[in-house]
Asker: 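Structure in structure tokens, see below.
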Amino acid sequence: MDKRKKSILYNWKSGVVVAAALVIAVLLSSPAKAYAFSVTPIEMVEMYTMSGTPVYATPDVLSPVVEYLNRFTNVRVFGITDTGFFQVDLNGTYYIPGAYLVPQIEPAKTEKQKALDELDDLVEAYRMQLEFMESYSGTFALVDVTGDGIPEIFDAEGKEIYSYYEKRPVMIYYSEYPVKFYYSKKENKLLGKYTWNKKDIWEVYYKDTSLLPWGQIKCIGTADTPTKDAPVITRDYTNNAETRADLKNILKKILSL
């Protein structure tokens, strides 16, 4: 290698070494730049954390995390920074990124609310079940006897009850012997009546979920003659194509009551 090429290579290597040394020196000697921020005071409000909410001593995600808060922890907010943090009071002034706080805890949806949200699925499930039942159940009832707000299907004879679970119809009661059902909405009590040896037998039912997640209607004992608060469940709907075509309006009206 001639002297000129050696000189160029030496100068290039020297330049790289010097540049690297300068970078290291700057990193070691220069403190991290602190950015100014401003806080807009607000009237103290209560908010709630999300899962694993980080709490910072300063409104900077590059600063150390003081602690992590569990979901639904109540915190008091009294300021908002121009960097998108909430200024909070946690036995001292700290900062939480705005995305981790919500103004209120959303309550869990009831089964009735879920059914309204997925009304089309409920309609399709019940329509399919009623089509299957048409050959032996010319009429049916729609009454909520489990207390969750969703009406159950009662066949014409009093042998079968169907409910709704995860977008499909599910059987929650079956008996080979017909039962005349009565229901007290006030007490949320389902009663059944049948005749045995010329004597009327009254049974009380409840929803048991120990074996199946959607539950089963089971007898828990006998009862006296029902009062006016437990009228008989009548089969008010004709199981035909016309009724099934209008099932969405029927169910929407029942769920919205």
Side-chain angles (χ1 to χ4, degrees), residues 110-116 119 121-240 243-244 246-247 250-257:
T110 64
E111 293 303 314
K112 182 177 179 179
Q113 289 171 325
K114 292 178 184 177
L116 279 169
L119 182 59
D121 293 322
L122 171 61
V123 170
E124 184 58 31
Y126 274 16
R127 181 181 290 136
M128 178 180 66
Q129 183 59 43
L130 289 169
E131 285 178 353
F132 176 78
M133 295 168 59
E134 185 177 14
S135 62
Y136 64 89
S137 182
T139 60
F140 65 96
L142 286 171
V143 181
D144 170 30
V145 296
T146 60
D148 62 1
I150 302 175
E152 277 72 45
I153 298 175
F154 287 73
D155 75 326
E157 286 192 83
K159 292 183 176 182
E160 301 174 1
I161 304 176
Y162 293 88
S163 192
Y164 176 73
Y165 180 79
E166 292 189 351
K167 302 183 179 182
R168 69 184 191 272
V170 289
M171 177 179 282
I172 61 174
Y173 175 86
Y174 176 78
S175 173
E176 293 184 3
Y177 306 101
V179 174
K180 192 171 186 178
F181 289 105
Y182 295 74
Y183 179 65
S184 170
K185 184 176 182 180
K186 182 179 180 180
E187 299 176 323
N188 188 30
K189 181 184 291 185
L190 179 65
L191 303 170
K193 172 188 172 184
Y194 63 93
T195 302
W196 180 260
N197 290 332
K198 299 181 180 181
K199 181 181 178 181
D200 290 338
I201 306 296
W202 295 89
E203 294 181 333
V204 180
Y205 304 97
Y206 81 112
K207 183 180 177 180
D208 174 30
T209 56
S210 61
L211 295 178
L212 298 172
W214 53 83
Q216 296 173 292
I217 297 294
K218 290 187 175 182
C219 175
I220 59 172
T222 58
D224 297 328
T225 303
T227 66
K228 61 181 180 180
D229 292 328
V232 65
I233 293 177
T234 57
R235 278 50 173 181
D236 297 324
Y237 301 99
T238 302
N239 191 5
N240 56 23
T243 302
R244 293 193 297 269
D246 193 41
L247 197 56
I250 295 171
L251 288 170
K252 186 176 181 180
K253 183 178 178 180
I254 294 173
L255 289 168
S256 299
L257 292 178

Asker: Has K180 got more than 12 heavy atoms of other residues, nucleotides or ligands less than 6.0 Å from its NZ?
Answerer: no

Asker: If you measure from OG1 on T139 to CD on E157, what distance do you get to the nearest 0.5 Å?
Answerer: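 Separation between the atoms: 9.5 Å.
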
Asker: Could you give the distance from CD1 (I217) to CG (D208), rounded to the nearest 0.5 Å?
Answerer: 9.5 Å

Asker: Counting only heavy atoms not in Y136, do more than 12 fall under 6.0 Å of its OH?
Answerer: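 More than 12 heavy atoms, drawn from other residues, nucleotides or ligands, come within 6.0 Å of this atom.
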
Asker: When you measure from the side chain of S137 to the backbone of A156, do you find a donor-acceptor pair of N or O atoms at a distance under 3.5 Å?
Answerer: yes

Asker: Tell me whether the rings of F140 and Y237 are parallel (<30°), tilted (30 to 60°) or perpendicular (>60°).
Answerer: parallel

Asker: Does any non-hydrogen side-chain atom of V145 lie less than 4.5 Å from one of F181?
Answerer: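 Counting from C-beta outward, F181 and V145 never come under 4.5 Å.
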
Asker: Are any non-hydrogen side-chain atoms of Y164 and Q129 less than 4.5 angstrom apart?
Answerer: no

Asker: V179 versus Y205: any side-chain heavy-atom pair under 4.5 Å?
Answerer: yes

Asker: Any side-chain heavy-atom pair from Y174 and I161 closer than 4.5 angstrom?
Answerer: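 Not touching, per the 4.5 Å side-chain cut-off.
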
Asker: So, D148 side chain and I150 main chain: donor-acceptor pair closer than 3.5 Å or not?
Answerer: yes

Asker: Between D155 (side chain) and E160 (backbone), is there a donor-acceptor pair under 3.5 Å?
Answerer: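 Yes.
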
Asker: Checking the side chain of S184 only, and the main-chain atoms of K189 only, is there a donor and an acceptor separated by less than 3.5 Å?
Answerer: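 Side chain of S184 to backbone of K189: no pair is present.
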
Asker: Which heavy atom in F154 sits nearest to a heavy atom in V143, and how many Å separate them?
Answerer: CE1-O, 3.8 Å

Asker: Decide yes or no for I153 and L142: does some side-chain heavy atom of the first lie under 4.5 Å from some side-chain heavy atom of the second?
Answerer: yes

Asker: Do you see a donor-acceptor pair shorter than 3.5 Å between the side chains of Y194 and D200?
Answerer: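 No.
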
Asker: Which pairs pass salt bridge (charged side-chain N to carboxylate O under 4.0 Å, His left out) with one or both residues in residues 121-134, sequence neighbours excluded?
Answerer: D121-K167, E124-R127, E134-R244

Asker: Is the closest side-chain heavy-atom distance between T222 and W202 below 4.5 Å?
Answerer: no

Asker: After noting the C-alpha distance and the side-chain angles of Y183 and N188, does the key distance pass the side chain to side chain contact (heavy atoms under 4.5 Å, CB included) rule?
Answerer: CA-CA 7 Å; Y183 179 65; N188 188 30; 2.6 Å; yes

Asker: Would you mind reporting whether L211 and K218 have side-chain heavy atoms less than 4.5 Å apart?
Answerer: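 Counting from C-beta outward, K218 and L211 do come under 4.5 Å.
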
Asker: With rounding to the nearest 0.5 angstrom, report the CE to CG distance, M171 to L212.
Answerer: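 M171 CE to L212 CG: 12.0 Å, rounded to 0.5 Å.
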
Asker: How far does CD1 of I254 sit from CG of D144, to the nearest 0.5 angstrom?
Answerer: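 It comes to 9.5 Å.
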
Asker: Indicate yes or no: at least one non-hydrogen side-chain atom of K207 is less than 4.5 angstrom from one of I172.
Answerer: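 Side chain of K207 against side chain of I172, heavy atoms only: no contact under 4.5 Å found.
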
Asker: Roughly how far, to the nearest 0.5 Å, is OH of Y126 from OH of Y162?
Answerer: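 Atom-to-atom, Y162:OH and Y126:OH are 11.5 Å apart.
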
Asker: Can you tell me how far apart OG1 (T146) and CD (E152) are? Round to the nearest 0.5 Å.
Answerer: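 Going from the OG1 atom of T146 to the CD atom of E152 covers 4.0 Å.
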
